[in-house]
There are 2 protein chains.
Amino acid sequence: MKWKELEEEPCSMARTIGVIGDRWTLLILRECFLRTRRFEGFQSALGITRHLLAERLKKLVRQGILRRIPYQDAPKRHEYILTQKGLDLYPIMMALVHWGDTHMVDERGRPLLHEHRKCGKNFDPVMVCSECGEPLLAREVHTHPGPGARSPLAIKAPDKPKAKVRRSAA
Amino acid sequence: MKWKELEEEPCSMARTIGVIGDRWTLLILRECFLRTRRFEGFQSALGITRHLLAERLKKLVRQGILRRIPYQDAPKRHEYILTQKGLDLYPIMMALVHWGDTHMVDERGRPLLHEHRKCGKNFDPVMVCSECGEPLLAREVHTHPGPGARSPLAIKAPDKPKAKVRRSAA
DNA sequence: TCTTACAGTTCTAAAATTGAACTGTCAAAT
DNA sequence: ATTTGACAGTTCAATTTTAGAACTGTAAGA
């Protein structure tokens with residue numbers, strides 16, 4: 001499986017991973033949400049090599065996640081700004097942060113707190129069902145093929161253990 | 001910045017990325033949520049090289065995201081099962097899927113629909129504030145350093161443009 | 001005995017990433 | 001007038017990762 005193919009798989013998660021699923025891209029996006037906009041800003045905040053940074057920024061622009069906007073003419077300089085498509089990545093970012101807050105903090109506690117302007121409180125992000133508003137649990141969700149389904153990847157029956165005799169160790 | 005260091009950064013997102021932030025790991029986790037449990041199952045579903053698969057599975061076990069459980073004795077065979085820590089990745093997976101559903105589907109439509117057992121409807125995941133229940137928008141969230149803050153990475157003031165004269169092109 | 005299922009390990013070639021230096025424009029300081 | 005620094009890249013050799021294929025070993029079933 002080549003990376004280009006990922007974006008064509010009949011699986012929304014694979015396609016998303018094809019676009020933002022590598023470490024530097026995710027870190028660059030973190031910086032975008034922290035309002036970094038310029039090449040040097042990304043480079044010094046992340047310590048990424050300039051080579052890779054240039055490449056990743058280009059890809060994000062090609063994908064319509066960032067827009068490259070001139071802010072100066074001589075010499076030509078540009079800023080990288082999140083498009084709406086990019087802003088829509090926010091729930092992914094928050095989900096990543098929240099898992100880290102839950103499972104990766106040390107004794108010091110969270111590095112960063114999030115305050116919801118609307119209610120004024122520090123919060124955690126909670127993922128709920130758009131239909132009933134209840135929090136989502138993996139156990140309570142069943143998947144079935146949609147109109148764009150094409151391959152077993154999207155359907156995937158549970159790994160039937162092929163009725164083999166189990167020798168000891170249940 | 002080396003990858004090992006990522007896990008020690010004072011940023012929950014960086015730490016999470018250090019653990020699950022590469023393409024194969026994310027795809028392996030997708031398979032886990034689709035109930036794949038065995039080496040061959042992952043390998044044939046993903047087309048990942050056996051070498052990398054073995055390595056990634058080991059890492060996920062080390063991180064406590066998967067548990068390696070014997071299901072047969074001779075020859076020794078094991079299954080890889082999500083721990084609670086692993087199951088807690090569900091919101092990340094759903095957020096990835098949902099972004100793909102929104103921005104990466106072709107004319108055919110979604111490859112996969114999700115049904116919420118509790119309410120019986122197909123749904124989209126929505127991220128809301130744990131305190132007031134309102135959907136979260138990037139614009140309405142402000143961050144500030146928590147008890148575990150240590151570096152500018154977690155604080156990061158907006159990229160002040162250094163009061164330079166702007167020549168044309170606002 | 002031969003074949004298949006399964007879970008890896010080993011090896012070489014190809015691709016991606018790192019690190020460091022280099023290019024070019026312009027502003028400000030010396 | 002010359003030097004220095006900010007900025008946004010590009011280039012290139014060296015290193016690290018990943019891909020692809022073959023190989024190991026146990027045991028069941030034909």
Side-chain angles (χ1 to χ4, degrees), chain A residues 1-6 17-18 21-28 31 36-61 66-81 159-169, chain B residues 1-6 17-18 21-28 31 36-61 66-81 159-169:
Chain A
M1 190 192 294
K2 299 275 160 42
W3 287 126
K4 198 68 195 178
E5 299 166 34
L6 252 194
I17 292 171
D22 78 281
R23 312 209 217 201
W24 282 126
T25 299
L26 287 167
L27 288 171
I28 289 168
E31 289 306 309
T36 299
R37 293 156 132 74
R38 299 182 184 180
F39 194 92
E40 291 294 317
F42 291 110
Q43 206 281 320
S44 64
L46 297 175
I48 183 176
T49 63
R50 312 175 73 75
H51 183 39
L52 260 202
L53 175 58
E55 176 146 85
R56 292 291 195 269
L57 287 173
K58 255 179 218 155
K59 181 172 180 188
L60 287 168
V61 170
L66 297 180
R67 202 192 320 281
R68 191 161 172 271
I69 299 179
Y71 70 89
Q72 171 182 299
D73 251 2
K76 275 257 178 221
R77 291 281 183 265
H78 301 83
E79 293 187 314
Y80 297 90
I81 312 279
D159 225 41
K160 213 177 296 172
K162 247 171 201 161
K164 197 180 187 176
V165 187
R166 273 107 190 296
R167 283 141 301 187
S168 74
Chain B
M1 191 194 293
K2 297 276 159 43
W3 287 125
K4 198 67 195 178
E5 300 166 33
L6 253 194
I17 291 171
D22 79 282
R23 312 209 217 202
W24 283 126
T25 299
L26 287 167
L27 288 171
I28 289 167
E31 289 306 308
T36 300
R37 292 158 132 74
R38 299 182 184 180
F39 194 92
E40 290 295 316
F42 292 109
Q43 206 282 320
S44 63
L46 297 175
I48 183 176
T49 63
R50 314 176 72 74
H51 183 41
L52 261 201
L53 175 57
E55 177 147 83
R56 292 291 194 270
L57 287 173
K58 255 180 217 155
K59 181 172 179 186
L60 287 168
V61 169
L66 297 180
R67 203 191 319 281
R68 191 162 171 270
I69 298 178
Y71 70 90
Q72 170 182 300
D73 252 1
K76 274 257 179 222
R77 291 281 183 268
H78 302 83
E79 293 188 315
Y80 297 90
I81 312 280
D159 227 41
K160 214 178 296 172
K162 247 170 201 162
K164 197 181 188 175
V165 186
R166 273 105 190 295
R167 283 142 301 188
S168 75

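In what follows, every chain begins at residue 1, and chains take the letters A, B, ... in the order their sequences are listed.
B:Arg68 has a side-chain polar atom (N or O) that falls below the 4.0 Å cut-off from OP1 or OP2 of C:dG8. Put simply, B:Trp24 has a side-chain N or O that comes within less than 4.0 Å of OP1 or OP2 on D:dA19.
Distance B:Leu6 CG to C:dT17 C1': 14 Å, rounded to the nearest Å. Rounded to whole Å, atom P of C:dA5 lies 22 Å from atom NE2 of B:His78. If you take CD of A:Gln72 and C1' of C:dT25, they are 9 Å apart, rounded to a whole angstrom. Distance, B:Phe39 CZ to C:dA7 C1': 6 Å, rounded to whole Å. Protein atom CZ of A:Arg23 is 16 Å distant from nucleotide atom P of C:dA16, rounded to whole Å. The interatomic distance linking B:Lys4 (NZ) with C:dT17 (C1') rounds to 19 Å, in whole Å. In this structure, A:Arg77 places its CZ atom 12 Å from C1' of D:dG5, rounding to the nearest Å. As rounded to whole Å, 13 Å separates atom P of C:dA5 from atom OH of B:Tyr71.
Over its full length, the helix from C:dT1-D:dA30 to C:dT30-D:dA1 turns its helical axis through 10°, comparing axes from the five pairs at each end and rounding to 10°.
Residue contacts shown for B:Phe42 are absent, as no nucleic acid heavy atom lies under 4.0 Å away.
A:Glu5 is linked by a side chain to side chain donor-acceptor pair (under 3.5 Å) to nothing, counting only residues two or more places apart in sequence or in another chain. With sequence neighbours excluded, no residue forms a salt bridge (Lys or Arg N to Asp or Glu O under 4.0 Å) with A:Arg77. With sequence neighbours left out, the salt bridge (Lys or Arg N to Asp or Glu O under 4.0 Å) criterion links B:Glu55 to no other residue. The side chain to side chain donor-acceptor pair (under 3.5 Å) search around B:Arg23 returns none, not counting sequence neighbours.
The closest side-chain heavy-atom distance from B:Phe42 to B:Arg56 is not below 4.5 Å. Counting heavy atoms from C-beta on, the side chains of A:Ile48 and A:Leu27 never come closer than 4.5 Å.
Salt bridge A:Arg38/A:Glu31: absent, no basic N to carboxylate O contact under 4.0 Å.
Both tests do not hold together for B:Arg37 against B:Tyr71: distance to the six-membered ring centre under 6.0 Å, angle to the ring axis within 45°.
A heavy-atom distance below 4.0 Å to DNA chain D is reached by these residues of residues 49-58 of chain B, ordered by number: B:Thr49, B:Arg50, B:Leu52, B:Arg56.
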